[in-house]
Visitor: 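So that we are looking at the same thing, I have put the structure below in C-alpha cells.
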Number of protein chains: 2
Amino acid sequence: MTSNTYHHGDLRKNLIENGLVLLNKEGIDGFSLRKVAALCGVSHTAPYRHFKNKEELIHEIAQEVWRSFSSALADAVNAYPENPKLQIIEMGKRYVQFLVEKPEYLSFIFMSDSAIPIQVSKTGIHSQVDAFNVFSESAKNYFHAASIDPAVHKEKTLLMWSMVHGMALLVAKKNLIYQGDYMELIENMLVQYLD
Amino acid sequence: MTSNTYHHGDLRKNLIENGLVLLNKEGIDGFSLRKVAALCGVSHTAPYRHFKNKEELIHEIAQEVWRSFSSALADAVNAYPENPKLQIIEMGKRYVQFLVEKPEYLSFIFMSDSAIPIQVSKTGIHSQVDAFNVFSESAKNYFHAASIDPAVHKEKTLLMWSMVHGMALLVAKKNLIYQGDYMELIENMLVQYLD
DNA sequence: TTTAAATGTTGACAGTGTAAACTTTTCTGT
DNA sequence: ACAGAAAAGTTTACACTGTCAACATTTAAA
C-alpha cells in the first residue's frame, strides 16, 4: 500500500524535504506549490496525488519543523541533566535562538492555522507536541526542587511558557529591539522569575 | 497638496477603511488589493496612485489597528485609575480578548514585517507605539507601589509584557486549548506573578 | 488659459492554487 | 499470466492575484 519505489521514488517525502529547502531559501512569501513541484522535477499538479491542497503540505512541513524544534529543546535539557533551573533557562535561550535563526519556521509552526494544541484541564497540562512536554517536565522538576506549592504548578508552568514564547516572538519578529545580546536578555528575564 | 475632494473623495482613507472591513470579513488569506479596490468602487489599479504596493497598504492598515489596540489597553488603565495592579491584570485580559475577537488583526500588527519596535536600552524601555508605553507606565506605577528594587524594573516589565504577549498569541492562535474561561486563566497567571 | 501634476482606467503579463480529463505505471485477484 | 483496478503523474484550463505601461480625465498652478 504505502510502498516506496514508484515513478519518482518517494515523491511525498521529497515534496516535504524540498518544501523545507524552498522555505529556507525564499521565506514563507516565496513559497509555492508549483516551485516545490519544480524542485522535485515533477509537474505542477503532481503534489495533488499526495496532498489534498497546499495547506496540507504546509501542515506536513510544520510537523517536520516541530520535530526539530522539540529536539532543540530536548538538547537543552540534556545539557544540564541534573539542574532543572538551568534547563529552563537554556530552553528559553534555544527557543529564541531557533526562531531568530529561522524566522520562516515561525510562520509554519506558530502562525499557520494547523495549530498544535496544548491542553489545559483541571488536572494538568498535556500536549500532542513534544516541545511542550519537554518544557513541562523540566518545570515540574524545578517546582519540586524548589518546594513550590503544587496548587500553583499549572499557572506557573503556563506563565513560563507564555513568557518564553512571547519574548521569542517579539524578538524574532523584531518587535523588540535590543542593542546587545538577546541571550543575555532572556537569561536575565528567566533568572528574574526563577529566583 | 493633501486635499480631500478628488474624483472619489478621499480614496486613500477609503482604501484603508475598506481594507479593514475586508480583513474582518475574509481574514488575512482572503485579503487582496483588487477586492479592496472593488469595495471602493474603483478600478483594480487605482490603489497604486496612493500606495507603492500591497505591502504599503497593509502597513497603513496595521497602523490603524495599532491605534485601536492601544486604545483598548488605555481603557483598561482608565477602568482602575488608582490601582496599577488591577490595571495590569485588566490589560492582560484585554490584550488577549482583542486578539481572540479579531484574530485577523494579529497578522497585521504582529506578523507583518512592518514591525513596530520596542527599544530596550541600558537606561530603560521606550516604544514608538502607544500600546507598550501604556503598559510600561502601569508597570512602573506598580513597582513603585510595591517597593520593587528599581534595578529590576526593566526585566520585570519585559517579563510581564512577554508573558501577556505570549499567552495572547498562544490563545488567539489556538495553540493553547483551555476548557473554561480564558479571562480567568490569564487573570490567575498574572495574579500568580504579581503576588 | 495654458500646462503640469494628480488621480483613475484599460489592458496586459507572469505567477498562483486547483479542478477535470487523460496517460502511464504498478498492484491485485483470479 | 493476465485483466482490470488503483495509484501516480501529465496536460490543459480557469479564475484569481500583484504589478506594470500606456492612456484618459480631472484638478491645481503658472
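Naming convention: chains lettered A, B, ... in sequence-line order (proteins, then strands); numbering from 1 in each chain.
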Visitor: Test your reading of the model: is there a side-chain donor-acceptor pair from A:N188 to the backbone of B:E155, 3.5 Å cut-off?
Guide: no
Visitor: The criterion is side chain to side chain contact (heavy atoms under 4.5 Å, CB included); which residues satisfy it with B:K154, sequence neighbours excluded?
Guide: B:V120, B:I125
Visitor: Expressed as a whole number of angstroms, how long is the span from A:D29:CG to C:dT16:P?
Guide: 12 Å
Visitor: On the nucleotide D:dG9, are OP1 or OP2 found under 4.0 Å from the side-chain N or O atoms that A:H50 carries?
Guide: yes
Visitor: Kindly determine whether A:Q97 and A:V100 satisfy side chain to side chain contact (heavy atoms under 4.5 Å, CB included), including the steps that lead there.
Guide: CA-CA 5 Å; A:Q97 193 174 25; A:V100 165; 5.8 Å; no
Visitor: Taking the minimum atom-to-atom distance to the side chain of A:A46, which one of D:dG9, D:dG18, C:dG8 wins?
Guide: D:dG9
Visitor: For B:Y48 and C:dC13, what is the distance between atoms OH and C1' respectively, to the nearest whole Å?
Guide: 13 Å
Visitor: Could you tell me how far apart A:I58 (CD1) and C:dT16 (P) are, to the nearest whole angstrom?
Guide: 13 Å
Visitor: Do the ring centers of A:W66 and A:F110 come within less than 6.0 Å of each other?
Guide: yes
Visitor: Quick test of your reading: applying ring pair (Phe, Tyr, Trp, His ring centres under 6.0 Å), list the pairs with at least one residue in residues 11-53 of chain A, sequence neighbours left out, ordered by first then second residue.
Guide: A:F31-A:F108
Visitor: B:R34 CZ to D:dT19 C1': how many Å, rounded?
Guide: 9 Å
Visitor: Can you work out whether A:H44 or B:L33 has the more 5'-proximal nearest nucleotide on DNA chain D?
Guide: A:H44
Visitor: Please tell me if A:S43 has a side-chain N or O lying less than 4.0 Å from either OP1 or OP2 of D:dG9.
Guide: no
Visitor: Given atom CZ of B:R49 and atom P of C:dT10, what is their separation to the nearest angstrom?
Guide: 13 Å
Visitor: Rounding to a whole Å, what distance do you find between B:F31:CZ and D:dT17:P?
Guide: 11 Å
Visitor: Answer with base, sugar-phosphate or nothing: what part of the nucleic acid does A:K52 contact at a heavy-atom distance below 4.0 Å?
Guide: nothing
Visitor: Name the residue closer to the 5' end of DNA chain C, choosing between A:K35 and A:T45 according to the nucleotide with the nearest heavy atom.
Guide: A:K35
Visitor: Between C:dT16 atom P and A:I28 atom CD1, what is the distance in whole Å?
Guide: 14 Å
Visitor: For B:D10 and C:dA6, give me the distance from atom CG to atom P, rounded to whole Å.
Guide: 15 Å
Visitor: Which part of the nucleic acid does B:S32 contact within heavy-atom distance under 4.0 Å: base, sugar-phosphate only, or nothing?
Guide: sugar-phosphate
